[in-house]
Number of protein chains: 2
Amino acid sequence: MTIREICEKYGLTADTLRYYERIGVIPTVNRTKGGIRNYTEEDVKWVENAVCMRSAGVPMEKLIEYVKLCQEGDSTFQARRDLLAEVREEVQEQLDRYKTTMERLNYKISRYDEAIKTGVLSWDSEGCK
Amino acid sequence: MTIREICEKYGLTADTLRYYERIGVIPTVNRTKGGIRNYTEEDVKWVENAVCMRSAGVPMEKLIEYVKLCQEGDSTFQARRDLLAEVREEVQEQLDRYKTTMERLNYKISRYDEAIKTGVLSWDSEGCK
DNA sequence: ATAATGCCTGGAGTTTACTCCAAGTCAAGA
DNA sequence: TCTTGACTTGGAGTAAACTCCAGGCATTAT
């Protein structure tokens with residue numbers, strides 16, 4: 001597959017895809033004789049992985065580390081698992097923060113809905129901003 | 001309360017707190033005769049709001065806009081509600097992405113746990129990276 | 001009285017993750 | 001053959017959100 005197809009599939013720009021490859025967030029993609037990138041199914045999976053992890057704010061650093069471990073072969077299963085567990089921990093913490101913020105937003109919006117009806121903005125106990 | 005106390009309470013640096021005030025993510029804090037910031041309960045609530053929203057990736061832009069609307073008085077209830085609803089939409093989308101990533105991580109980690117036991121890394125159907 | 005400590009302002013510098021660009025190559029169509 | 005258009009590389013530029021610093025005032029401790 002061409003870089004264009006991958007871009008469209010994942011909503012990335014060609015620059016971003018090349019950048020990901022350059023810094024090692026995905027492994028090197030093979031080229032045609034002409035020097036043009038030709039993405040295999042394997043490459044696509046790597047792109048998908050990068051997109052998914054990045055969408056949850058996993059830093060490039062971690063992705064690069066993971067790719068490196070994968071390239072070192074089967075002896076790195078434990079290291080990869082540890083890395084993923086560490087990432088999971090951070091994603092979970094972030095997820096919890098998002099939930100807390102959602103609750104706050106829901107509460108505030110409900111207070112504003114009330115205020116729009118009654119003309120008065122009021123908060124339970126402590127108040128809010 | 002002093003800037004130091006607020007820093008400790010929310011795990012921010014004094015530079016960050018001053019920066020927030022400077023760009024309008026929180027309203028201007030009153031000073032002592034000596035010119036030193038003296039945070040009221042009200043100010044603290046604004047800081048808490050900023051910290052909570054920022055922790056879910058809400059851009060400064062939105063927070064500044066919200067603070068401005070609040071300062072314009074009761075005529076902006078609807079505008080504030082709309083702004084919060086827009087923010088909620090984005091936070092929800094991000095939350096969903098985090099959930100998807102968590103699932104992927106859980107799956108991968110379970111596969112690695114298996115691999116560590118058996119010595120062989122295998123994926124259901126499509127495979128993964 | 002003086003030294004230390006803490007806070008002040010305005011502005012410059014840093015980090016992360018892209019994003020853009022110039023100059024060049026290559027394959028396909030007129 | 002010549003042009004067009006997509007792709008290449010290496011490197012410079014950008015945006016968002018801090019983070020650091022110099023030079024200066026003010027309160028507190030000795």
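These numbers were taken from a predicted model, which means no experiment stands behind them. Naming: A, B, ... by sequence-line order, numbering from 1 per chain.
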Can you check the A/Lys33 NZ to D/dT8 C1' distance for me, whole Å? 16 Å
Does B/Arg4 make a side-chain N or O approach to OP1 or OP2 of C/dC7 shorter than 4.0 Å? yes
In chain order, what residues pass the ring pair (Phe, Tyr, Trp, His ring centres under 6.0 Å) check against B/Tyr10, with sequence neighbours excluded? none
Which letters describe nucleotides 8-23 of chain C, given B = protein heavy atom under 4.0 Å from base, S = only from sugar-phosphate, - = neither? SBBB-----BBBBB--
Thinking salt bridges, do B/Arg80 and B/Glu86 make one under a 4.0 Å N-O criterion? no
To the nearest angstrom, the CD-C1' distance between A/Glu8 and D/dA6 comes to 13 Å
Charged N-O contact under 4.0 Å between A/Glu103 and A/Arg97: no
Cationic N near anionic O, under 4.0 Å, A/Glu48 to A/Lys9: no
Within this structure, what is the CG-to-C1' distance between B/Leu17 and D/dC18, rounded to whole angstrom? 12 Å
Is a salt bridge present between A/Lys45 and B/Glu126, judged by a nitrogen-to-oxygen distance below 4.0 Å? no
For A/Ile23 and D/dG11, give me the distance from atom CD1 to atom P, rounded to whole Å. 16 Å
Is there a side-chain contact between B/Ile6 and B/Leu12 in this structure, where contact means two heavy atoms from C-beta onward sitting under 4.5 Å apart? no
